[in-house]
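A quick write-up on the structure given underneath.
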Protein chains: 2
Amino acid sequence: MAKKKEQVKEKPLSAELRIKEAARKVFTQKGYAAARTRDIAEEAGMNLALLNYYYRSKEKLFELVMLESIKEFFLGLTGILNNPDTGLGEKLELLADSYISMLIREPNFPLFMLSELQANPDKLIELTGTKDFMNKSVFFQQMAAHLKKNKMNFSPMHVVMNMIGLTVFPFIGKPMIKLMSGMKDKEFLQLMEERRKLIPVWMKTMFKIN
Amino acid sequence: MAKKKEQVKEKPLSAELRIKEAARKVFTQKGYAAARTRDIAEEAGMNLALLNYYYRSKEKLFELVMLESIKEFFLGLTGILNNPDTGLGEKLELLADSYISMLIREPNFPLFMLSELQANPDKLIELTGTKDFMNKSVFFQQMAAHLKKNKMNFSPMHVVMNMIGLTVFPFIGKPMIKLMSGMKDKEFLQLMEERRKLIPVWMKTMFKIN
DNA sequence: AAATAATTTAATCATTTGATTAATTTTAAC
DNA sequence: GTTAAAATTAATCAAATGATTAAATTATTT
(Lines give C-alpha, C1' and ligand atoms only; values in the text may rest on other atoms or scores of the structure.)
Protein backbone atom coordinates (compact mmCIF):
# COMPACT_ATOMS: atom_id res chain seq x y z
CA MET A 1 0.00 0.00 0.00
CA ALA A 2 2.54 2.62 1.07
CA LYS A 3 4.94 2.09 -1.77
CA LYS A 4 6.90 5.22 -2.41
CA LYS A 5 7.04 8.42 -0.39
CA GLU A 6 10.22 7.92 1.62
CA GLN A 7 12.36 6.50 -1.16
CA VAL A 8 11.49 8.82 -4.00
CA LYS A 9 11.67 12.46 -3.08
CA GLU A 10 13.90 14.07 -5.64
CA LYS A 11 11.49 13.71 -8.52
CA PRO A 12 8.15 15.28 -7.64
CA LEU A 13 6.63 15.34 -11.09
CA SER A 14 3.19 16.47 -11.93
CA ALA A 15 0.48 14.34 -10.40
CA GLU A 16 1.50 14.38 -6.78
CA LEU A 17 2.11 18.09 -6.58
CA ARG A 18 -0.82 19.00 -8.74
CA ILE A 19 -3.08 17.19 -6.33
CA LYS A 20 -1.57 18.99 -3.37
CA GLU A 21 -1.98 22.40 -4.94
CA ALA A 22 -5.49 21.58 -6.08
CA ALA A 23 -6.21 20.52 -2.54
CA ARG A 24 -4.84 23.78 -1.22
CA LYS A 25 -7.09 25.68 -3.55
CA VAL A 26 -10.26 23.72 -2.85
CA PHE A 27 -9.71 23.49 0.90
CA THR A 28 -8.98 27.19 1.08
CA GLN A 29 -12.05 28.04 -0.93
CA LYS A 30 -14.57 25.75 0.70
CA GLY A 31 -13.10 24.61 3.99
CA TYR A 32 -12.38 21.06 5.02
CA ALA A 33 -15.91 19.77 5.46
CA ALA A 34 -17.35 21.19 2.26
CA ALA A 35 -14.41 20.15 0.13
CA ARG A 36 -14.97 16.80 -1.55
CA THR A 37 -12.10 14.62 -2.60
CA ARG A 38 -13.76 14.52 -5.99
CA ASP A 39 -13.56 18.31 -6.20
CA ILE A 40 -9.86 18.14 -5.55
CA ALA A 41 -9.28 15.39 -8.09
CA GLU A 42 -11.26 17.31 -10.69
CA GLU A 43 -9.45 20.56 -9.93
CA ALA A 44 -6.17 18.71 -10.42
CA GLY A 45 -7.49 16.98 -13.53
CA MET A 46 -6.57 13.63 -12.07
CA ASN A 47 -8.20 10.38 -11.12
CA LEU A 48 -9.75 10.32 -7.68
CA ALA A 49 -7.79 7.27 -6.59
CA LEU A 50 -4.53 9.14 -6.97
CA LEU A 51 -5.40 11.31 -4.04
CA ASN A 52 -5.44 8.28 -1.77
CA TYR A 53 -2.51 6.72 -3.59
CA TYR A 54 -0.27 9.68 -2.84
CA TYR A 55 -1.71 11.05 0.37
CA ARG A 56 -3.54 8.16 2.01
CA SER A 57 -6.63 10.13 3.00
CA LYS A 58 -8.43 13.41 2.76
CA GLU A 59 -7.46 14.23 6.30
CA LYS A 60 -3.77 13.50 5.81
CA LEU A 61 -3.75 15.67 2.71
CA PHE A 62 -5.49 18.43 4.57
CA GLU A 63 -3.05 18.33 7.45
CA LEU A 64 -0.13 18.52 5.06
CA VAL A 65 -1.51 21.46 3.13
CA MET A 66 -2.61 23.27 6.26
CA LEU A 67 0.70 22.78 8.00
CA GLU A 68 2.65 24.08 5.02
CA SER A 69 0.51 27.18 4.75
CA ILE A 70 0.62 27.98 8.43
CA LYS A 71 4.34 27.40 8.66
CA GLU A 72 4.88 29.81 5.80
CA PHE A 73 2.56 32.35 7.35
CA PHE A 74 4.26 32.27 10.74
CA LEU A 75 7.68 32.34 9.16
CA GLY A 76 6.94 35.55 7.29
CA LEU A 77 5.51 37.01 10.46
CA THR A 78 8.38 36.16 12.79
CA GLY A 79 10.92 37.23 10.19
CA ILE A 80 9.69 40.80 10.50
CA LEU A 81 8.82 40.65 14.18
CA ASN A 82 12.21 39.42 15.31
CA ASN A 83 14.46 41.75 13.36
CA PRO A 84 16.47 43.60 16.02
CA ASP A 85 17.62 46.21 13.51
CA THR A 86 14.25 47.80 12.81
CA GLY A 87 12.21 50.02 15.08
CA LEU A 88 8.51 49.84 15.86
CA GLY A 89 7.40 52.18 13.10
CA GLU A 90 9.37 50.40 10.45
CA LYS A 91 8.12 47.01 11.60
CA LEU A 92 4.54 48.21 11.28
CA GLU A 93 5.23 49.45 7.77
CA LEU A 94 6.85 46.19 6.75
CA LEU A 95 4.05 44.13 8.26
CA ALA A 96 1.31 46.08 6.55
CA ASP A 97 3.07 46.05 3.21
CA SER A 98 3.97 42.39 3.25
CA TYR A 99 0.59 41.22 4.48
CA ILE A 100 -1.47 43.37 2.18
CA SER A 101 0.48 41.85 -0.70
CA MET A 102 -0.06 38.35 0.60
CA LEU A 103 -3.74 38.99 1.18
CA ILE A 104 -4.31 40.37 -2.29
CA ARG A 105 -2.62 37.25 -3.65
CA GLU A 106 -4.43 34.81 -1.32
CA PRO A 107 -7.58 36.52 -0.11
CA ASN A 108 -9.21 33.32 1.09
CA PHE A 109 -6.37 32.12 3.22
CA PRO A 110 -7.14 33.89 6.52
CA LEU A 111 -10.76 32.82 6.77
CA PHE A 112 -9.73 29.30 5.92
CA MET A 113 -7.01 29.23 8.52
CA LEU A 114 -9.13 30.81 11.22
CA SER A 115 -12.11 28.57 10.52
CA GLU A 116 -10.06 25.43 10.75
CA LEU A 117 -8.25 26.70 13.82
CA GLN A 118 -11.62 27.25 15.40
CA ALA A 119 -12.96 23.87 14.37
CA ASN A 120 -9.90 22.08 15.70
CA PRO A 121 -7.65 24.22 17.86
CA ASP A 122 -5.77 21.38 19.53
CA LYS A 123 -4.78 19.65 16.31
CA LEU A 124 -3.24 22.80 14.96
CA ILE A 125 -1.27 23.40 18.12
CA GLU A 126 0.35 19.98 17.93
CA LEU A 127 0.64 20.28 14.17
CA THR A 128 2.56 23.55 14.18
CA GLY A 129 4.63 23.03 17.27
CA THR A 130 4.77 26.82 17.51
CA LYS A 131 3.52 28.19 20.76
CA ASP A 132 3.50 31.64 22.36
CA PHE A 133 6.26 32.87 20.09
CA MET A 134 4.77 36.34 20.24
CA ASN A 135 5.69 37.17 23.82
CA LYS A 136 9.35 36.49 23.20
CA SER A 137 9.50 38.41 19.93
CA VAL A 138 11.63 41.51 19.53
CA PHE A 139 8.56 43.42 18.45
CA PHE A 140 6.71 42.49 21.60
CA GLN A 141 9.61 43.59 23.80
CA GLN A 142 10.02 46.86 21.94
CA MET A 143 6.34 47.55 22.17
CA ALA A 144 6.17 46.71 25.86
CA ALA A 145 8.94 49.22 26.55
CA HIS A 146 7.31 51.84 24.37
CA LEU A 147 3.92 51.47 26.01
CA LYS A 148 5.42 51.71 29.46
CA LYS A 149 7.43 54.80 28.58
CA ASN A 150 4.35 56.48 27.17
CA LYS A 151 2.11 55.57 30.10
CA MET A 152 -0.18 53.33 28.09
CA ASN A 153 -1.05 50.69 30.60
CA PHE A 154 -2.22 47.78 28.51
CA SER A 155 -0.82 44.62 27.03
CA PRO A 156 1.19 44.74 23.81
CA MET A 157 -1.18 42.01 22.65
CA HIS A 158 -3.71 44.77 22.04
CA VAL A 159 -1.29 46.25 19.54
CA VAL A 160 -0.84 42.92 17.84
CA MET A 161 -4.58 42.35 17.69
CA ASN A 162 -5.15 45.82 16.29
CA MET A 163 -2.51 45.38 13.64
CA ILE A 164 -3.88 42.04 12.47
CA GLY A 165 -7.45 43.25 12.75
CA LEU A 166 -6.84 46.32 10.62
CA THR A 167 -4.89 44.38 8.03
CA VAL A 168 -6.69 41.07 7.80
CA PHE A 169 -10.26 41.86 8.67
CA PRO A 170 -11.26 43.63 5.45
CA PHE A 171 -10.30 40.53 3.49
CA ILE A 172 -12.20 38.21 5.80
CA GLY A 173 -15.15 40.55 5.80
CA LYS A 174 -15.09 41.39 2.12
CA PRO A 175 -18.50 39.88 1.29
CA MET A 176 -20.07 41.68 4.23
CA ILE A 177 -18.36 44.93 3.35
CA LYS A 178 -19.53 44.62 -0.21
CA LEU A 179 -23.02 43.86 1.05
CA MET A 180 -23.04 46.91 3.32
CA SER A 181 -21.48 49.33 0.88
CA GLY A 182 -22.47 48.07 -2.56
CA MET A 183 -18.80 48.23 -3.46
CA LYS A 184 -17.39 46.40 -6.48
CA ASP A 185 -14.23 44.33 -6.59
CA LYS A 186 -12.19 47.05 -8.22
CA GLU A 187 -13.04 49.69 -5.63
CA PHE A 188 -12.39 47.18 -2.90
CA LEU A 189 -8.94 46.43 -4.24
CA GLN A 190 -8.18 50.13 -4.43
CA LEU A 191 -9.13 50.61 -0.80
CA MET A 192 -6.87 47.74 0.15
CA GLU A 193 -3.99 49.37 -1.68
CA GLU A 194 -4.65 52.58 0.20
CA ARG A 195 -4.51 50.68 3.47
CA ARG A 196 -0.97 49.59 2.74
CA LYS A 197 0.13 53.11 3.62
CA LEU A 198 -2.71 54.11 5.91
CA ILE A 199 -2.52 51.28 8.42
CA PRO A 200 1.00 52.11 9.63
CA VAL A 201 0.02 55.76 9.94
CA TRP A 202 -3.06 54.89 11.96
CA MET A 203 -1.15 52.48 14.14
CA LYS A 204 1.54 55.05 14.87
CA THR A 205 -1.04 57.68 15.69
CA MET A 206 -2.98 55.28 17.89
CA PHE A 207 0.05 54.27 19.92
CA LYS A 208 2.04 57.49 19.72
CA ILE A 209 4.96 56.02 17.82
CA ASN A 210 7.62 58.41 16.34
CA MET B 1 -46.60 16.36 3.91
CA ALA B 2 -46.64 20.06 4.69
CA LYS B 3 -49.41 19.98 7.21
CA LYS B 4 -49.11 22.92 9.53
CA LYS B 5 -46.81 25.94 9.26
CA GLU B 6 -49.15 28.57 7.84
CA GLN B 7 -52.15 27.81 10.00
CA VAL B 8 -50.59 27.38 13.40
CA LYS B 9 -48.28 30.17 14.38
CA GLU B 10 -49.49 31.37 17.74
CA LYS B 11 -48.44 28.30 19.67
CA PRO B 12 -44.77 27.58 19.09
CA LEU B 13 -44.25 25.02 21.81
CA SER B 14 -41.09 23.17 22.49
CA ALA B 15 -40.06 20.90 19.65
CA GLU B 16 -40.11 23.31 16.73
CA LEU B 17 -38.24 26.08 18.48
CA ARG B 18 -35.86 23.78 20.25
CA ILE B 19 -34.80 22.40 16.90
CA LYS B 20 -34.28 25.86 15.52
CA GLU B 21 -32.15 26.98 18.42
CA ALA B 22 -30.19 23.73 18.40
CA ALA B 23 -29.62 24.33 14.71
CA ARG B 24 -28.39 27.84 15.40
CA LYS B 25 -25.94 26.49 17.92
CA VAL B 26 -24.62 23.65 15.79
CA PHE B 27 -24.47 25.64 12.56
CA THR B 28 -22.71 28.49 14.34
CA GLN B 29 -20.22 26.14 15.92
CA LYS B 30 -19.40 23.94 12.96
CA GLY B 31 -20.60 25.71 9.85
CA TYR B 32 -23.17 24.44 7.39
CA ALA B 33 -21.18 21.67 5.76
CA ALA B 34 -19.80 20.13 8.93
CA ALA B 35 -23.10 20.30 10.79
CA ARG B 36 -25.05 17.06 10.51
CA THR B 37 -28.79 16.97 10.89
CA ARG B 38 -28.21 14.25 13.46
CA ASP B 39 -26.06 16.65 15.48
CA ILE B 40 -28.87 19.15 15.49
CA ALA B 41 -31.49 16.60 16.45
CA GLU B 42 -29.30 15.31 19.25
CA GLU B 43 -28.53 18.82 20.50
CA ALA B 44 -32.26 19.47 20.60
CA GLY B 45 -32.92 16.11 22.21
CA MET B 46 -35.41 15.30 19.50
CA ASN B 47 -36.00 12.69 16.84
CA LEU B 48 -34.20 13.34 13.59
CA ALA B 49 -37.37 13.19 11.53
CA LEU B 50 -38.78 16.22 13.35
CA LEU B 51 -36.22 18.41 11.69
CA ASN B 52 -37.63 17.58 8.29
CA TYR B 53 -41.17 17.59 9.61
CA TYR B 54 -40.91 21.18 10.79
CA TYR B 55 -38.35 22.67 8.44
CA ARG B 56 -38.45 20.49 5.31
CA SER B 57 -34.68 20.27 4.87
CA LYS B 58 -31.31 21.08 6.36
CA GLU B 59 -30.87 23.87 3.87
CA LYS B 60 -34.24 25.49 4.60
CA LEU B 61 -33.50 25.35 8.30
CA PHE B 62 -30.12 26.88 7.72
CA GLU B 63 -31.48 29.72 5.65
CA LEU B 64 -34.05 30.51 8.30
CA VAL B 65 -31.55 30.55 11.14
CA MET B 66 -29.00 32.49 9.14
CA LEU B 67 -31.50 35.07 8.01
CA GLU B 68 -32.75 35.66 11.55
CA SER B 69 -29.25 36.12 12.90
CA ILE B 70 -28.15 38.46 10.17
CA LYS B 71 -31.31 40.51 10.38
CA GLU B 72 -30.78 40.95 14.10
CA PHE B 73 -27.16 41.84 13.59
CA PHE B 74 -27.84 44.49 10.98
CA LEU B 75 -30.73 45.87 12.99
CA GLY B 76 -28.52 46.48 16.01
CA LEU B 77 -25.94 48.06 13.78
CA THR B 78 -28.22 50.43 11.91
CA GLY B 79 -29.97 51.38 15.13
CA ILE B 80 -26.78 52.97 16.38
CA LEU B 81 -25.52 54.15 13.01
CA ASN B 82 -28.66 56.03 12.09
CA ASN B 83 -29.31 57.91 15.30
CA PRO B 84 -29.20 61.59 14.31
CA ASP B 85 -28.93 62.69 17.95
CA THR B 86 -25.50 61.24 18.68
CA GLY B 87 -22.14 62.45 17.47
CA LEU B 88 -19.30 60.44 16.01
CA GLY B 89 -17.52 59.83 19.29
CA GLU B 90 -20.62 58.67 21.05
CA LYS B 91 -21.54 56.38 18.20
CA LEU B 92 -18.13 54.75 18.38
CA GLU B 93 -18.55 54.22 22.12
CA LEU B 94 -21.99 52.71 21.69
CA LEU B 95 -20.85 50.45 18.88
CA ALA B 96 -17.87 49.13 20.77
CA ASP B 97 -19.85 48.57 23.94
CA SER B 98 -22.79 46.89 22.27
CA TYR B 99 -20.71 44.67 20.03
CA ILE B 100 -18.23 43.62 22.67
CA SER B 101 -21.20 42.49 24.74
CA MET B 102 -22.71 40.64 21.83
CA LEU B 103 -19.40 39.02 20.96
CA ILE B 104 -18.76 37.84 24.49
CA ARG B 105 -22.22 36.31 24.44
CA GLU B 106 -21.92 34.81 20.93
CA PRO B 107 -18.23 34.51 20.15
CA ASN B 108 -18.75 32.11 17.27
CA PHE B 109 -21.25 34.17 15.38
CA PRO B 110 -18.94 36.37 13.29
CA LEU B 111 -16.80 33.60 11.89
CA PHE B 112 -19.94 31.65 11.09
CA MET B 113 -21.56 34.56 9.33
CA LEU B 114 -18.46 35.53 7.41
CA SER B 115 -17.70 31.97 6.37
CA GLU B 116 -21.16 31.41 5.03
CA LEU B 117 -21.19 34.80 3.35
CA GLN B 118 -17.97 33.82 1.65
CA ALA B 119 -19.23 30.41 0.64
CA ASN B 120 -22.42 31.83 -0.80
CA PRO B 121 -22.42 35.61 -1.20
CA ASP B 122 -25.27 35.81 -3.68
CA LYS B 123 -27.72 33.82 -1.60
CA LEU B 124 -27.22 36.07 1.38
CA ILE B 125 -27.73 39.17 -0.66
CA GLU B 126 -31.12 37.99 -1.87
CA LEU B 127 -31.87 36.53 1.53
CA THR B 128 -31.32 39.73 3.48
CA GLY B 129 -32.63 42.20 0.98
CA THR B 130 -30.37 44.73 2.66
CA LYS B 131 -27.95 46.39 0.31
CA ASP B 132 -25.51 49.28 0.63
CA PHE B 133 -27.29 50.66 3.69
CA MET B 134 -23.97 51.93 4.99
CA ASN B 135 -23.50 54.76 2.50
CA LYS B 136 -26.81 56.29 3.40
CA SER B 137 -26.36 55.97 7.15
CA VAL B 138 -26.14 59.02 9.39
CA PHE B 139 -22.81 57.78 10.68
CA PHE B 140 -21.39 57.58 7.19
CA GLN B 141 -22.49 61.13 6.40
CA GLN B 142 -21.16 62.50 9.66
CA MET B 143 -17.87 60.75 9.12
CA ALA B 144 -17.57 61.93 5.52
CA ALA B 145 -18.02 65.50 6.68
CA HIS B 146 -15.54 65.06 9.51
CA LEU B 147 -12.87 63.53 7.29
CA LYS B 148 -13.23 66.31 4.76
CA LYS B 149 -13.02 69.01 7.38
CA ASN B 150 -9.90 67.47 8.82
CA LYS B 151 -8.21 66.95 5.48
CA MET B 152 -8.22 63.18 5.68
CA ASN B 153 -8.72 62.21 2.08
CA PHE B 154 -10.01 58.69 2.22
CA SER B 155 -13.31 56.90 2.20
CA PRO B 156 -15.39 56.62 5.40
CA MET B 157 -15.47 52.92 4.60
CA HIS B 158 -11.96 52.77 6.00
CA VAL B 159 -13.34 53.96 9.30
CA VAL B 160 -16.07 51.33 9.21
CA MET B 161 -13.60 48.61 8.35
CA ASN B 162 -11.29 49.71 11.14
CA MET B 163 -14.06 49.77 13.68
CA ILE B 164 -15.28 46.31 12.80
CA GLY B 165 -11.77 44.98 12.48
CA LEU B 166 -10.73 46.21 15.90
CA THR B 167 -13.92 44.97 17.52
CA VAL B 168 -14.62 41.72 15.78
CA PHE B 169 -11.25 40.40 14.76
CA PRO B 170 -10.00 39.30 18.17
CA PHE B 171 -13.02 37.04 18.52
CA ILE B 172 -12.57 35.56 15.07
CA GLY B 173 -8.87 35.16 15.65
CA LYS B 174 -9.08 33.93 19.21
CA PRO B 175 -7.56 30.49 18.56
CA MET B 176 -4.71 32.06 16.63
CA ILE B 177 -4.17 34.70 19.28
CA LYS B 178 -4.11 32.04 21.95
CA LEU B 179 -1.70 30.03 19.85
CA MET B 180 0.63 33.02 19.39
CA SER B 181 0.48 34.27 22.94
CA GLY B 182 -0.18 31.20 25.08
CA MET B 183 -3.05 33.14 26.62
CA LYS B 184 -5.82 31.40 28.56
CA ASP B 185 -9.54 32.04 28.24
CA LYS B 186 -9.70 34.17 31.34
CA GLU B 187 -6.95 36.53 30.24
CA PHE B 188 -8.48 36.73 26.82
CA LEU B 189 -11.82 37.75 28.24
CA GLN B 190 -10.16 40.39 30.34
CA LEU B 191 -8.46 41.87 27.30
CA MET B 192 -11.80 41.96 25.52
CA GLU B 193 -13.32 43.85 28.42
CA GLU B 194 -10.48 46.36 28.25
CA ARG B 195 -11.14 46.86 24.57
CA ARG B 196 -14.67 48.02 25.33
CA LYS B 197 -13.14 51.30 26.51
CA LEU B 198 -9.93 51.28 24.49
CA ILE B 199 -11.37 50.88 21.01
CA PRO B 200 -13.32 54.16 21.03
CA VAL B 201 -10.24 55.95 22.37
CA TRP B 202 -8.06 54.50 19.65
CA MET B 203 -10.60 55.26 16.97
CA LYS B 204 -10.94 58.85 18.11
CA THR B 205 -7.18 59.27 18.20
CA MET B 206 -6.79 57.68 14.81
CA PHE B 207 -9.34 59.91 13.15
CA LYS B 208 -8.90 63.04 15.25
CA ILE B 209 -12.39 63.02 16.70
CA ASN B 210 -13.23 65.42 19.59
C1' DA C 1 -66.26 9.51 24.19
C1' DA C 2 -65.44 9.37 19.31
C1' DA C 3 -63.23 11.32 15.64
C1' DT C 4 -59.93 14.09 13.64
C1' DA C 5 -55.70 16.40 13.49
C1' DA C 6 -51.06 17.09 15.11
C1' DT C 7 -46.92 15.26 16.86
C1' DT C 8 -43.47 11.82 17.47
C1' DT C 9 -40.94 7.56 16.66
C1' DA C 10 -38.41 3.63 14.56
C1' DA C 11 -37.13 1.80 10.50
C1' DT C 12 -35.60 2.38 6.09
C1' DC C 13 -34.21 4.60 1.56
C1' DA C 14 -31.28 6.77 -1.63
C1' DT C 15 -27.51 9.51 -2.44
C1' DT C 16 -23.16 11.19 -1.48
C1' DT C 17 -18.58 10.50 -0.47
C1' DG C 18 -14.11 8.75 1.25
C1' DA C 19 -11.64 4.84 0.28
C1' DT C 20 -10.11 0.40 -1.88
C1' DT C 21 -9.20 -3.06 -5.32
C1' DA C 22 -7.80 -5.27 -9.33
C1' DA C 23 -6.46 -4.57 -13.74
C1' DT C 24 -3.86 -1.68 -17.15
C1' DT C 25 -0.44 1.38 -18.72
C1' DT C 26 3.81 3.75 -18.24
C1' DT C 27 8.47 4.19 -16.56
C1' DA C 28 12.83 2.51 -14.94
C1' DA C 29 16.29 -1.10 -14.13
C1' DC C 30 19.18 -4.63 -15.67
C1' DG D 1 14.26 -6.45 -24.68
C1' DT D 2 12.67 -8.35 -20.64
C1' DT D 3 11.37 -7.69 -16.08
C1' DA D 4 10.08 -5.23 -12.08
C1' DA D 5 8.40 -1.18 -10.09
C1' DA D 6 5.60 2.87 -10.26
C1' DA D 7 1.73 5.34 -11.88
C1' DT D 8 -2.94 5.46 -13.44
C1' DT D 9 -7.65 4.04 -14.34
C1' DA D 10 -12.39 2.15 -13.93
C1' DA D 11 -15.22 -0.13 -11.06
C1' DT D 12 -16.84 -0.92 -6.72
C1' DC D 13 -17.34 -0.87 -1.55
C1' DA D 14 -18.84 0.67 2.84
C1' DA D 15 -20.03 4.17 5.83
C1' DA D 16 -22.19 8.52 6.54
C1' DT D 17 -25.94 11.34 5.95
C1' DG D 18 -30.15 13.85 4.39
C1' DA D 19 -34.62 12.52 3.79
C1' DT D 20 -38.97 9.75 3.81
C1' DT D 21 -42.52 6.60 5.29
C1' DA D 22 -45.78 4.25 7.87
C1' DA D 23 -47.13 3.34 12.21
C1' DA D 24 -47.90 4.87 17.03
C1' DT D 25 -48.88 8.32 20.30
C1' DT D 26 -50.72 12.58 21.97
C1' DA D 27 -53.66 16.57 21.68
C1' DT D 28 -57.77 18.89 20.00
C1' DT D 29 -62.36 19.26 18.41
C1' DT D 30 -67.07 18.18 18.34
Side-chain angles (χ1 to χ4, degrees), chain A residues 1-66 116 119-120 123, chain B residues 1-66 116 119-120 123:
Chain A
M1 275 152 188
K3 289 155 202 163
K4 60 186 295 288
K5 224 19 158 356
E6 304 311 325
Q7 307 93 306
V8 184
K9 191 83 191 186
E10 70 283 356
K11 202 184 175 189
L13 294 138
S14 245
E16 190 170 357
L17 282 187
R18 265 165 71 193
I19 290 171
K20 193 173 73 181
E21 292 318 308
R24 194 185 309 281
K25 183 170 172 183
V26 176
F27 280 139
T28 303
Q29 225 159 54
K30 317 220 247 185
Y32 178 77
R36 294 172 308 155
T37 52
R38 281 163 176 80
D39 296 333
I40 296 171
E42 191 186 357
E43 174 72 33
M46 319 247 59
N47 187 289
L48 168 61
L50 289 184
L51 188 151
N52 295 286
Y53 177 71
Y54 285 117
Y55 299 100
R56 301 282 299 173
S57 72
K58 180 189 179 187
E59 196 181 346
K60 285 276 198 332
L61 176 55
F62 174 75
E63 287 177 4
L64 180 68
V65 164
M66 187 73 177
E116 301 302 337
N120 220 327
K123 165 169 281 180
Chain B
M1 275 156 189
K3 289 156 201 165
K4 60 187 293 288
K5 226 17 160 356
E6 305 310 325
Q7 307 92 307
V8 185
K9 191 82 190 184
E10 71 284 353
K11 202 185 174 187
L13 294 140
S14 244
E16 189 169 0
L17 282 187
R18 264 166 70 194
I19 289 170
K20 193 173 76 182
E21 291 319 309
R24 194 184 309 279
K25 182 170 174 184
V26 176
F27 280 140
T28 303
Q29 226 159 53
K30 317 222 249 185
Y32 178 77
R36 294 171 308 156
T37 53
R38 281 164 175 80
D39 296 333
I40 296 171
E42 191 186 358
E43 174 71 35
M46 318 247 59
N47 187 290
L48 168 60
L50 290 183
L51 188 150
N52 295 285
Y53 177 71
Y54 285 117
Y55 299 100
R56 300 284 298 173
S57 71
K58 179 189 178 186
E59 195 181 346
K60 286 274 198 331
L61 176 56
F62 174 76
E63 286 177 5
L64 180 69
V65 163
M66 187 74 178
E116 301 302 337
N120 220 328
K123 165 169 283 180

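Owing to the predicted nature of the structure, the values given are computational and were not obtained by experimental measurement. Every chain is numbered from 1, with letters handed out A, B, ... down the list of sequences.
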Quick one: [atom1] on [X] to [atom2] on [Y], what's the gap to the nearest 0.5 Å?
| X | Y | atom1 | atom2 | answer |
| --- | --- | --- | --- | --- |
| B:Ile40 | B:Phe62 | CD1 | CZ | 10.0 Å |
| B:Lys20 | B:Leu64 | NZ | CG | 5.5 Å |
| A:Glu21 | A:Lys25 | CD | NZ | 11.0 Å |

Can you check the [X] [atom1] to [N] [atom2] distance for me, whole Å?
| X | N | atom1 | atom2 | value |
| --- | --- | --- | --- | --- |
| B:Leu50 | D:dT21 | CG | P | 16 Å |
| A:Asn47 | C:dA19 | CG | C1' | 12 Å |
| B:Phe62 | D:dA19 | CZ | P | 14 Å |
| B:Tyr53 | D:dT25 | OH | P | 17 Å |
| A:Leu51 | D:dT9 | CG | C1' | 15 Å |
| B:Tyr54 | D:dT20 | OH | C1' | 17 Å |
| B:Met46 | C:dT7 | CE | C1' | 10 Å |
| B:Tyr55 | C:dT8 | OH | P | 12 Å |

Got a list of protein N/O to nucleotides 15-18 of chain C N/O distances below 3.5 Å?
unit_1, atom_1, unit_2, atom_2, d
C:dT17, OP2, A:Arg36, NH1, 2.6
C:dG18, OP1, A:Lys58, NZ, 3.3
C:dG18, OP2, A:Thr37, N, 2.7
C:dG18, OP2, A:Thr37, OG1, 2.6
C:dG18, N7, A:Arg38, NH1, 2.8
C:dG18, O6, A:Arg38, NH2, 3.3

B:Lys60 charged N/C atom sitting above B:Tyr54 aromatic ring, 6.0 Å / 45°: no
Greater than 12 external heavy atoms within 6.0 Å of B:Glu42's CD: no
Side-chain touch B:Lys58/B:Tyr32, heavy atoms, less than 4.5 angstrom: yes
Ranking C:dA10, C:dA6, D:dT9 by distance to the side chain of A:Ala49, first place goes to D:dT9
